[in-house]
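Take a look at the structure below.
None of these values were measured; they are calculated from a predicted model. Basis for what follows: all heavy atoms, side chains included, without hydrogens, waters or symmetry-related copies. Below, chains carry the letters A, B, ... as their sequence lines are ordered, and counting in each starts from 1.
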Number of protein chains: 2
Amino acid sequence: MLRLRCLLTTTTTSSFHQFPTLSSSSYSARSSSSSKVKTMSYSTESSSNNNKKKNKLLFRQLFEKESSTYTYLLADHFHPDKPALLVDPVDRTVDRDLSLIKDLGLKLVYAINTHVHADHVTGSGLIKTKVPGVKSIISKASKASADILVEAGDKIQFGDLYLEVRATPGHTVGCVTYVTGDGPDQPQPRMAFTGDALLIRGCGRTDFQGGSSQQLYESVHSQIFTLPMDTFIYPAHDYKGFTVSTVGEEMLYNPRLTKDQETFKSIMENLKLSYPKMIDVAVPANMVCGLQDVESKAA
Amino acid sequence: MLRLRCLLTTTTTSSFHQFPTLSSSSYSARSSSSSKVKTMSYSTESSSNNNKKKNKLLFRQLFEKESSTYTYLLADHFHPDKPALLVDPVDRTVDRDLSLIKDLGLKLVYAINTHVHADHVTGSGLIKTKVPGVKSIISKASKASADILVEAGDKIQFGDLYLEVRATPGHTVGCVTYVTGDGPDQPQPRMAFTGDALLIRGCGRTDFQGGSSQQLYESVHSQIFTLPMDTFIYPAHDYKGFTVSTVGEEMLYNPRLTKDQETFKSIMENLKLSYPKMIDVAVPANMVCGLQDVESKAA
C-alpha cells in the first residue's frame, strides 16, 4: 500500500471530544439581517462552541432518490486544510455535492467507493474531471481501477481523522466497509459505512458480481457485528426512509442476519429478484470508477 | 396553555453532555453470534459510553419518499420512561415509525405537527388509533384540532429534554418551528424543526392557507436566523437529497432568504407553482390531525 501511504497525511493534534454530530460549522456573522448577510465570512469555529471542546467531524448524509443511494460527506473541519471525502458519490448528484463542499469551505481529497455498484454510476470519475487532485478509492479486491486501491487494515487519513478499511465481501467480491477510527481523537460512537454488505434491517443481494451468501454472512458477523454495539450503521442504500441504524439494532432486528447461516443462505437463494436494470450500464462504468466517458473521449 | 402544562413532566436530573448525535443506544449482548442474538436485552446504556458523559437525545431522521417529507423521532433515552415524540409523522409511514419506536424500546408520548400540511396527510390521527395515550400537538393559530394546541413560548417536555415553540407563520398562518431547549442539559448545537418555513436553500410557498411572503420573511429572520449560527436546520421536506443545514449556512446561501424583503416578496409572487395535487385531500384531513376517517366511522 505504498501508493496509498504516500498520499495520506498523518498529522495528529491534541484530543477533542469526538461525537459523530452533524456539522457544527458556523459563521462569523456581524449581523443576521439579510442586508448584511453577504458580509459574513465562513469560519469553522462555532461561536457557541468556543467555550467547550470541539467536534472535529463535519458529517453530512446525502440522498439520491432514483437509486435510493446515500452519499456521505466527512471532513475534519478544524484542520487548517479542511480535508473532506465523499463515500459513494453518485454521478447524477455530483454537482449538488460539490456545491455543498464549496459552501462549507472544504477541500475534497478523496472520492471513495464501498464497491462496484450495479444500480448507479459512481460520481468518482465526474468528480475527478471537475476537481483536479481528487483521488478515487476502491478496494483492490474489486479489480476495478482507481487512483488508490485499498485492502483490509488500510487507513484513509483526512486531517486528524481516518477511516479504517474492513473487507466485507459477499454482496460483491470486492465490498469493503469503511469505519471511523478508534481512539480518543476519533468520532464516538464509531460510524460504519457498510455499502450493500449490511443495510438497515436488510442486506445486499448475493447473486451477481462474485456474490456469496455464505461469505456475506461471515463478513457481517466477523467485521461489522464485532464493532461496539453503539457503532452507527450508514448503508449505501435505504428503500424505506431509514437514515441510520446501529450495530446493536441490526444484531437484534435484522430479519436476515439474525438467522443462523443456513437459514440466511436459504433466504438469499430464494429472493427471486429481477435482473438489476442498471447493471449493464453501471458495472462497466464503475469498473473504471466512472471514467468511461473520459477514457472513450481520450481514446 | 394549562392543558399543555398539565401533560408535561418537569423532572430534571444532573447535567449530561448534550450533542445532537443520532441514537447512541446499545445493547447488553452476551454474544454476537446469530444463535444468541435473541438473548440480547435492550439497554439504553451504551457500553462504549459508560465511562464518559452521556448524550441523552436519541434522534432519528426518517424520510417519506412520495411527498419527500422528513419525520423526526426524538427521545430522552436515559430517562426511565424513555419518552419519545415524532415531529411531522406521515400517515403512509406510521407503521414504519412505530416499529422503530418499539425496536428502540421507547414510549411515544407526542405526535407533533409543524403546520397543517397540504402535500400529505399527517400520521397523528392514525398513531392515536394505534398507540392509546399519544397526544397530538399543533399550533393554536392553525385553527386545527388536536389534543394540545401550542403557542409561541410554550415548552414541550419529554423526559429531561424539551422543545421550545416559535411562531413562524408565512407558509401557512399557523406554522411553528420547534427548537430544542437552551441550557447545559439540552442538545448542543441546538436543532430547529422548521417545517416549511425554512427549507434547505429554499422555503415553503406562500400562496395558500393564509400564506404571506412578508410574514414568512419576518418569521425566518426574527425567529430562526436569530438562533446560534451552528443551530441545525431540520426541515419538513427536501427535494434534492439534503438532510440537514445550519442557521449560518442558510443565512449565507439560502437563495431566497438572503435577499432583501422586497426582492423576496417578488420571488415568492412569481414562482408560478401548480396547484398542490394533495391539498384538497390533505388539508381537510390535517385540520382534524388526520382523524377524519376515525371521526367519519364514529359518525
Side-chain angles (χ1 to χ4, degrees), chain A residues 17 19-29 32-35 37-38 40 42 46-49 52 55 60-65 68 71 93 96 100 103-104 188-190 217 221 225-226 228-232 238 240-244 246-249 251-253 257-261 264, chain B residues 17 19-29 32-35 37-38 40 42 46-49 52 55 60-65 68 71 93 96 100 103-104 188-190 217 221 225-226 228-232 238 240-244 246-249 251-253 257-261 264:
Chain A
H17 263 291
F19 288 79
T21 61
L22 303 169
S23 166
S24 60
S25 298
S26 77
Y27 304 79
S28 54
S32 67
S33 77
S34 65
S35 61
V37 162
K38 299 295 184 198
M40 299 197 301
Y42 184 88
S46 164
S47 54
S48 76
N49 281 356
K52 64 172 183 280
N55 167 51
R60 294 294 171 92
Q61 184 169 25
L62 299 150
F63 187 62
E64 196 286 309
K65 211 168 174 177
S68 293
T71 295
T93 44
R96 173 200 64 187
L100 177 62
D103 286 355
L104 295 172
Q188 280 299 334
R190 296 179 77 179
Y217 190 90
H221 280 270
F225 283 178
T226 51
M229 293 293 178
D230 61 354
T231 303
F232 293 117
D238 192 84
K240 294 179 179 174
F242 293 111
T243 55
V244 68
T246 63
V247 164
E249 248 182 86
M251 285 176 68
L252 270 178
Y253 301 117
L257 285 149
T258 49
K259 303 291 193 300
D260 63 64
Q261 189 161 359
F264 176 77
Chain B
H17 264 288
F19 288 79
T21 63
L22 303 167
S23 164
S24 61
S25 298
S26 79
Y27 305 80
S28 54
S32 67
S33 77
S34 65
S35 62
V37 162
K38 298 297 185 196
M40 297 198 300
Y42 184 88
S46 165
S47 54
S48 76
N49 282 356
K52 63 173 183 281
N55 167 52
R60 293 293 172 95
Q61 184 169 24
L62 299 150
F63 187 62
E64 196 286 308
K65 210 167 173 177
S68 294
T71 295
T93 43
R96 173 200 65 187
L100 176 62
D103 286 354
L104 295 172
Q188 281 298 334
R190 298 179 76 178
Y217 190 90
H221 280 271
F225 283 178
T226 50
M229 293 293 176
D230 61 354
T231 303
F232 294 116
D238 191 85
K240 294 179 180 174
F242 293 110
T243 57
V244 69
T246 63
V247 165
E249 249 181 84
M251 285 175 68
L252 269 179
Y253 301 117
L257 286 149
T258 48
K259 303 289 193 299
D260 63 63
Q261 189 161 359
F264 177 77

| Under 3.5 Å donor-acceptor, Lys65(A) side chain and Gly241(B) backbone | no
| message | For the backbone of Thr243(A) and the side chain of Arg60(B), can you confirm whether one donor and one acceptor N or O come within less than 3.5 Å of each other? | response | no
| Considering all heavy atoms of both residues, which atom of Glu249(A) and which atom of Leu100(B) are nearest to each other, and what is their separation? |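 Closest approach of Glu249(A) to Leu100(B): OE1-CD1, 3.8 Å.
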| said: To the nearest 0.5 Å, what is the distance between CZ on Phe242(B) and OG1 on Thr93(A)? | reply: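 Phe242(B) atom CZ to Thr93(A) atom OG1 measures 9.5 Å (nearest 0.5 Å).
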| remark: Between the OG1 atom in Thr246(B) and the CG atom in Asp103(A), the distance rounded to the nearest 0.5 Å is 10.0 Å
